[in-house]
2 protein chains.
Amino acid sequence: MREARHPEVDEITLTGVMAALSDPIRVGIVRVLADGRERGWGELRVPVAKSTLSHHLRVLRDAGLTRTRQEGTRCYVTLRREDVQARFPGLLEAVLAAAEEDDVGHQVTVQPGPQRA
Amino acid sequence: MREARHPEVDEITLTGVMAALSDPIRVGIVRVLADGRERGWGELRVPVAKSTLSHHLRVLRDAGLTRTRQEGTRCYVTLRREDVQARFPGLLEAVLAAAEEDDVGHQVTVQPGPQRA
DNA sequence: TTCGATGTTCTACGAACGTCGAACAATGAT
DNA sequence: ATCATTGTTCGACGTTCGTAGAACATCGAA
């Protein structure tokens, strides 16, 4: 596992963000992260294979929506809310509100276990 | 050419809108329509084949973003701004602002000719 | 009626996507 | 050193997408 690359704020593209958020599962992941808390990989409860989850997290990271931090063999992910807000003001808020309204990505939850970093 | 189907306001989905707006050309079309004026098919200047343009307009229509009206052999398209706003408040505004910022979809323009309905 | 103009639909094709299982790499634990 | 845990990467598979050309349908004009 080599260091993951994160795009700079000004490298974030609109179509990249839109494409990343056109999948219900990825929207669900973003919703779970919307409270600002950092979540552990294993804390995420997503009804897909782990390779698929890895793929989705990569898409979100490449789009500039999330940041992944590694600590030993585990990794933790956070939402880049301020960065996205700085790049595209109001966009993420609107998407989150819309997703909440329709419960998009409800398949994604977090394990309420004591998994603090 | 049979009557095109338009989704009701509550049939518009978030992922559908996001997917529709993840293509630069479609974003460009939406930007061109953002002034609220109805535009004729032939008025749109898009650097793709007409079958491709037809496809893009269909995607936008199916997503509930635009409305197509037929008049004889010609058709006219408008942005369903209020409908989208009612369904997902602030979303379209944020996308349009973001698109303006980056000039996404700049390939799409309108023929400034006298083509009034 | 015969043309021409206007869009849609069909078919095709390469690229990208979502998904999975298996193999792999990196780290921590024993 | 050996093993288990954690997550990434690598094919593979079927689906969807963006694109174009050709054929078609519809309507207005000559």
Side-chain angles (χ1 to χ4, degrees), chain A residues 1-6 13 15-29 38-63 66-78 104-105 107-108 111 113 115-117, chain B residues 1-6 13 15-30 38-63 66-78 104-105 107-108 111 113 115 117:
Chain A
M1 310 178 198
R2 62 173 170 286
E3 262 310 308
R5 185 183 133 63
H6 295 77
T13 69
T15 52
V17 169
M18 300 300 282
L21 296 181
S22 65
D23 182 280
I25 290 199
R26 287 193 292 262
V27 172
I29 295 174
E38 182 176 63
R39 298 293 182 174
W41 210 101
E43 212 174 344
L44 298 174
R45 284 294 169 271
V46 187
V48 294
K50 64 175 183 173
S51 56
T52 304
L53 175 55
S54 184
H55 164 67
H56 284 311
L57 288 175
R58 186 196 211 293
V59 172
L60 288 173
R61 172 161 39 79
D62 287 351
T66 60
R67 187 179 304 279
T68 295
R69 178 175 68 85
Q70 284 193 235
E71 189 170 343
T73 172
R74 308 204 172 160
C75 40
Y76 300 89
V77 56
T78 53
V104 178
Q107 309 94 352
V108 180
Q111 169 78 354
Q115 208 120 347
R116 198 71 67 256
Chain B
M1 311 180 199
R2 62 176 171 285
E3 263 309 310
R5 186 184 131 63
H6 294 78
T13 68
T15 52
V17 170
M18 300 299 283
L21 296 181
S22 65
D23 183 279
I25 290 199
R26 288 195 291 263
V27 172
I29 295 175
V30 168
E38 182 176 62
R39 297 294 181 175
W41 210 101
E43 212 173 342
L44 298 174
R45 286 294 170 271
V46 187
V48 295
K50 63 176 183 173
S51 57
T52 302
L53 174 56
S54 185
H55 163 69
H56 283 310
L57 288 174
R58 186 195 209 290
V59 172
L60 287 173
R61 172 161 40 77
D62 288 351
T66 60
R67 188 179 303 281
T68 296
R69 178 175 67 87
Q70 284 194 234
E71 190 170 341
T73 172
R74 310 207 172 158
C75 40
Y76 301 87
V77 57
T78 54
V104 179
Q107 310 92 352
V108 180
Q111 169 78 355
Q115 208 120 344

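Every heavy atom of this structure was used, including side-chain atoms; hydrogens, water molecules and symmetry mates were not. In what follows, every chain begins at residue 1, and chains take the letters A, B, ... in the order their sequences are listed.
Among the nucleotides D/dT19, C/dC20, D/dA22, the one closest to any side-chain atom of B/S51 is D/dA22. You'll find that the side chain of A/R74 is closest to D/dT6, out of D/dA22, D/dT9, D/dT6. Each of D/dG7, D/dT9, C/dT9 was ranked by its minimum atom distance to the side chain of A/C75; first place goes to D/dG7.
Rounded to whole angstrom, the span from the NZ atom of B/K50 across to the C1' atom of C/dT9 amounts to 11 Å. Summarising the geometry, the separation between CD on B/E43 and P on C/dA5 is reported as 19 Å, rounded to the nearest angstrom. Rounding to whole angstrom units, CZ of residue A/R58 and P of D/dG7 are separated by 17 Å. Separating the CD atom of B/Q70 from the C1' atom of C/dG7 is a distance of 8 Å, rounded to the nearest angstrom. One atom, CG of B/D62, and another, C1' of C/dT9, lie 14 Å apart when rounded to the nearest Å. Rounding to whole angstrom units, CZ of residue B/R69 and C1' of C/dG7 are separated by 15 Å. Nucleotide D/dG7 holds its P atom 13 Å from the CZ atom of A/R61, rounded to whole Å. The CD-C1' distance, from A/E71 to D/dT6, rounds to 13 Å in whole Å.
Here B/R61 pairs with nothing under the side chain to side chain donor-acceptor pair (under 3.5 Å) rule; sequence neighbours left out. Taking the side chain to side chain donor-acceptor pair (under 3.5 Å) definition, one finds that A/H56 meets it with A/R26, sequence neighbours left out. A search for side-chain contact (heavy atoms from CB on, under 4.5 Å) contacts involving A/A19 returns B/S22, not counting sequence neighbours. Taking the side-chain contact (heavy atoms from CB on, under 4.5 Å) definition, one finds that A/T78 meets it with A/E38, A/R67, sequence neighbours left out.
Expressed to the nearest 0.5 Å, how far OG1 of B/T68 lies from CZ of B/R58 amounts to 10.5 Å. In this structure, OG1 on A/T66 lies 8.5 Å from CD1 on A/I29, to the nearest 0.5 angstrom.
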Please tabulate the protein-to-nucleotide N/O contacts below 3.5 Å involving nucleotides 14-18 of chain C, giving atom names and distances.
residue, atom, partner, partner atom, Å
C/dG18, OP1, A/R26, NH1, 3.4
C/dG18, OP1, A/R26, NH2, 2.7
C/dG18, OP2, A/R26, NH1, 3.3
C/dG18, OP2, A/H55, NE2, 3.3

Do any N or O atoms of the protein come closer than 3.5 Å to N or O atoms of nucleotides 27-29 of chain D, and which pairs are they?
none

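Taking 4.0 angstrom as the limit, B/W41 places none of its side-chain polar atoms (N or O) nearer than this to OP1 or OP2 of C/dA5.
The two atoms that bring A/L60 and A/L21 nearest to each other are CD2-CD2, 4.4 Å, heavy atoms only. Counting all heavy atoms, side chain and backbone alike, A/W41 lies closest to A/K50 at CH2-O, 3.5 Å.
Only one option out of A/V108, A/V46, A/I25 pairs with A/L53 in a side-chain contact (heavy atoms from CB on, under 4.5 Å); it is A/V46.
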